[in-house]
Amino acid sequence: MSAQFYNEMYDSAGNLRPHYQGFAEWLATMPADRLARKQAEADSAFHRVGITFAVYGEESGTERLIPFDIIPRIIPALEWTALQAGLWQRVKALNAFLHDIYHEQAILRSGRIPPDQVLNNAQFRPEMMNIDVPAGIYAHIAGVDIVRAGAGDFFVLEDNLRVPSGVSYMIEDRKMMMRLFPELFSRHMIAPVQHYPDMLLENLRTVAPKGVADPTVVLLTPGAYNSAYFEHTFLAQQMGIELVEGRDLFVKDDTVFMRTTQGPQRVDVIYRRIDDDFLDPLVFNKTSMLGVPGLLSAYRAGHVTLANAIGTGVADDKSIYPYVPDMIRFYLGEEPKLNNVPTWMFRKPDDLKYVLDKLPELVVKEVHGAGGYGMLVGPASTRAEIEDFRARILAAPEKYIAQPTLALSNCPTFVESGIAPRHLDLRPFVLSGKTVGMVPGGLTRVALREGSLVVNSSQGGGTKDTWVLEY
Amino acid sequence: MLSRTADHLYWMARYTERAENLARLLDVSYQMSLVPQSVASQNQNWGAILALNSLEATFARSYAEVNVDNVLRFMVSDANNPSSIYSCLRAARENAHAVRGTLTSEMWESVNATWIELRQQSFEQINLGGVSEFFDWVKLRSSVIRGVTFGTMLKDDALHFIRLGGLLERGDNTARILDMQYHILRQNDDEGASDFYQWGALLRSLSAFQVYRKVYRDAITPARVAELLILCQEMPRSLHSCADGIVRMLQLIANGASAETERRAGVLHARLHFARIEDVLADGLHGYLTDFMDRIYELGDGISQSFLMPA
């Protein structure tokens with residue numbers, strides 16, 4: 001056991017942590033071949049049910065399973081309570097920030113964030129200026145990436161306020177664990193997560209346009225070839241709402257309708273899983289076939305709610321991330337409950353000078369990158385790769401940030417060689433409407449390659465069921 | 001419901017039904033080819049299957065000779081043939097995939113599992129196991145999907161569009177199979193003894209052999225076979241029975257733009273409901289069936305415009 005990393009199951013002396021006690025006892029009674037059989041059963045069930053994600057760049061329509069690991073990630077109740085309070089605080093501040101920068105811009109005038117960082121950000125949407133959205137909420141759904149590092153502290157890695165995905169795996173992983181090992185659930189008090197779609201629907205209904213008593217909510221998908229299509233169908237089905245594509249909708253008199261077999265039907269709330277750029281070809285990307293012409297105009301007229309709102313990307317941008325603790329202080333008058341990862345911005349001359357020499361120890365990320373693409377993990381890179389990045393940074397310093405290489409916590413994981421520790425993160429989902437809420441848990445992603453710190457499914461990551469214990 | 005959703009459901013059902021009936025058609029042709037006859041007339045019969053689906057040109061691009069092996073391979077598992085069983089089940093699965101949220105999970109799993117199993121079988125493997133076994137598998141999977149559909153889906157518009165698609169396709173396919181086989185069998189009339197087996201094979205392929213016995217309790221004659229498959233209201237694969245269902249489904253999903261489609265379905269139904277087989281045969285069966293298929297095609301067009309692709 002490496003002492004360098006925080007292990008979710010064992011403490012540094014190699015003793016079981018108390019919240020893993022029950023699981024470890026059960027595991028000790030499980031013959032290795034039974035575990036392997038259960039793992040195979042899980043894989044085949046995921047295949048049959050078609051819980052897959054589409055892979056870009058391979059033969060069209062290629063679908064792949066996200067590997068599922070049968071050893072759960074367990075979070076004790078007290079830790080969860082603290083984490084939840086920190087997440088609510090953070091998402092409240094981010095929504096306040098979004099409302100502010102699209103209205104008075106007090107935070108910019110106060111000098112806490114340099115105005116050009118926000119106003120010249122590609123994710124800032126001037127079209128949103130002075131539009132009042134229901135309940136003042138912009139990020140109705142936030143998928144905040146959390147890692148545990150060092151001695152066991154939680155850090156926020158990314159806020160994900162655009163179209164975060166993964167919640168369907170959280171629910172399917174739980175279903176699978178209950179099917180494979182029902183006995184575990186009678187031995188533990190595990191907080192349920194399967195009611196997430198109900199909470200989401202309720203949340204979306206509370207932000208319907210004014211005066212709509214019984215709002216029609218739909219989920220807007222880019223279509224069957226999108227990588228998260230499974231999740232779109234899953235959520236629409238679980239909420240009992242229509243799964244629509246852009247071509248199913250049209251705008252007339254600043255009102256959105258869907259084409260049904262009984263004629264046009266008005267739509268009040270759109271849970272959209274399409275990026276801002278593709279929403280309305282009249283305003284944004286002109287070539288978009290995925291969007292709905294006239295949607296922005298209906299939105300500005302207040303006749304339809306978009307969740308998430310347009311223009312949330314400016315708040316989860318990596319160049320804005322370093323300012324989130326200040327936002328919490330500014331809008332809520334509170335000290336942040338969750339840590340930010342120390343971040344150096346190459347756009348600042350001081351930072352640039354200081355960290356340019358330290359690249360071999362650092363992680364460098366593109367400000368607009370996502371999904372584990374376009375990043376440099378210093379300790380895992382060759383000298384040539386580092387020099388290549390150094391040149392790219394010097395050519396456009398404002399496009400990059402640097403962070404220390406975090407010693408991500410790890411957790412025993414079922415791999416070919418048996419059970420071995422692998423690094424992981426956690427994505428809980430925070431829902432904001434008239435109130436803020438969340439289900440206890442989230443999606444745990446695990447880097448299945450030995451030593452790897454990259455958990456993204458596009459980079460060979462898998463998932464685990466996440467248990468929040470209720471005591 | 002969403003027009004696009006209805007469209008996918010309707011076509012999912014049509015393609016599944018088409019795959020099943022294709023298996024039925026190929027099975028009867030295969031059974032008939034086992035009755036002693038010249039190789040030339042055998043190959044002629046296989047050619048008729050290509051003609052039935054207007055596939056001669058597509059076939060000729062990849063195959064040199066019309067014979068049992070080539071036609072079976074082409075119609076069973078050739079991905080380049082849009083009308084093969086393989087292509088139909090793929091299209092059914094793609095349509096299901098596009099609306100999997102509307103289907104019950106059992107339904108989606110049965111459609112998806114069918115496709116996964118099919119993809120794992122090469123034509124050589126199918127041939128090795130016997131094509132009839134494969135055709136039985138296709139019929140069985142279609143029955144499973146249908147059973148899961150009726151057994152698990154809410155009886156709302158989604159189910160009505162699925163049924164409408166299935167009925168339209170079945171009516172068309174029964175007419176096609178009958179048209180082709182009737183023609184071949186009448187030509188072979190002088191070959192005598194094989195007749196009983198051949199008409200029997202046709203009936204069996206449409207699951208109508210026992211039904212025939214029950215209804216007529218008498219020798220198999222071409223006129224009665226035609227009557228059973230066209231006019232018998234109680235026979236689930238007959239044209240009359242399909243028209244019954246189409247009219248009923250259209251009543252359930254009617255909207256402000258569908259009156260003309262309903263009227264046409266009513267006319268089609270009346271022509272079957274009040275027909276006598278003597279008159280049909282006297283006027284010419286081929287003409288009658290062709291007219292029926294044209295009307296089914298028009299209905300499909302009308303359904304598309306009224307419900308599935310509104311302007």
Side-chain angles (χ1 to χ4, degrees), chain A residues 43-54 59-63 65 168 171-172 175 179 197 216 218-226 228-250 252 257-265 267 271 273, chain B residues 1-10 12 90-91 93-117 119-120 153-154 156-162 164-165 249-250 252-258 261 303-311:
Chain A
D43 292 346
S44 104
F46 273 122
H47 240 309
R48 195 179 58 248
V49 181
I51 301 177
T52 53
F53 73 109
E59 183 197 344
S60 78
T62 305
E63 291 155 30
L65 288 182
S168 56
I171 297 170
E172 289 292 346
K175 263 188 1 210
R179 168 185 164 154
T216 298
V218 301
L219 193 158
L220 175 61
T221 173
Y225 296 105
N226 183 267
Y229 180 68
F230 163 72
E231 176 156 307
H232 305 162
T233 63
F234 174 86
L235 287 175
Q237 184 180 46
Q238 294 289 311
M239 291 192 278
I241 63 175
E242 290 288 357
L243 177 68
V244 303
E245 296 181 14
R247 56 191 157 127
D248 298 323
L249 301 180
F250 66 95
K252 199 179 162 206
F257 295 92
M258 58 180 164
R259 297 175 219 275
T260 80
T261 55
Q262 294 296 317
Q265 186 187 337
V267 170
Y271 174 29
R273 296 292 298 259
Chain B
M1 71 184 313
L2 274 188
S3 296
R4 183 178 52 82
T5 305
D7 187 57
H8 284 302
L9 293 171
Y10 170 89
M12 173 192 76
R90 180 178 57 194
R93 193 263 181 185
E94 275 175 11
N95 276 287
H97 186 228
V99 290
R100 57 175 291 182
T102 309
L103 307 175
T104 59
S105 46
E106 289 101 322
M107 257 189 92
W108 158 248
E109 283 184 38
S110 52
V111 174
N112 197 35
T114 302
W115 167 241
I116 291 173
E117 278 178 51
R119 221 176 27 175
Q120 286 163 350
M153 278 202 62
L154 190 68
D156 65 0
D157 281 356
L159 181 63
H160 301 149
F161 277 102
I162 290 174
L164 183 62
M249 289 308 122
L250 281 173
L252 289 169
I253 59 174
N255 66 19
S258 62
T261 306
I303 289 165
S304 207
Q305 280 165 26
S306 314
F307 301 102
L308 310 178
M309 297 179 175

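Below, each value reflects all heavy atoms present in this structure, side chains not excepted, and no hydrogens, waters or symmetry copies. Below, chains carry the letters A, B, ... as their sequence lines are ordered, and counting in each starts from 1.
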message = Distance check, rounded to the nearest 0.5 Å: B/T5 atom OG1 versus A/M258 atom CE?
response = 9.0 Å
request  = Ignoring hydrogens and angles, tell me if any N or O in the side chain of A/Q262 forms a donor-acceptor pair with the backbone of B/I253 under 3.5 Å.
outcome  = yes
Interchain contact, B/S258 with chain A, by part (heavy-atom threshold 4.5 Å) = neither
ask   = If you measure from OG1 on A/T261 to OH on B/Y10, what distance do you get to the nearest 0.5 Å?
value = 14.0 Å
Atom group of B/A257 that falls short of 4.5 Å from chain A, counting heavy atoms = neither
key: Pairs of heavy atoms under 4.5 Å with chain B: top-ranked of A/H232, A/R247, A/E245   = A/E245
query = Backbone N or O of A/T260 within a donor-acceptor pair of the B/S3 side chain at under 3.5 Å?
reply = yes
query = Hey, does the side chain of A/Q265 reach the backbone of B/L2 with a donor-acceptor pair shorter than 3.5 angstrom?
reply = no
message = What's the separation between atom CZ in A/R259 and atom CE in B/M309, rounded to the nearest 0.5 Å?
response = 11.5 Å
B/L103 versus chain A, the contacting section by heavy-atom distance below 4.5 Å = backbone
task = Specify which of B/M1, B/E109, B/R4, B/E94 makes the most heavy-atom pairs with chain A at under 4.5 Å.
result = B/R4
Closest non-hydrogen atom pair between A/Y229 and B/H97, with its separation = OH-O, 3.1 Å
query = What part of A/V244 is in contact with chain B, defined as an atom under 4.5 angstrom from a non-hydrogen atom: side chain, backbone, both or neither?
reply = both
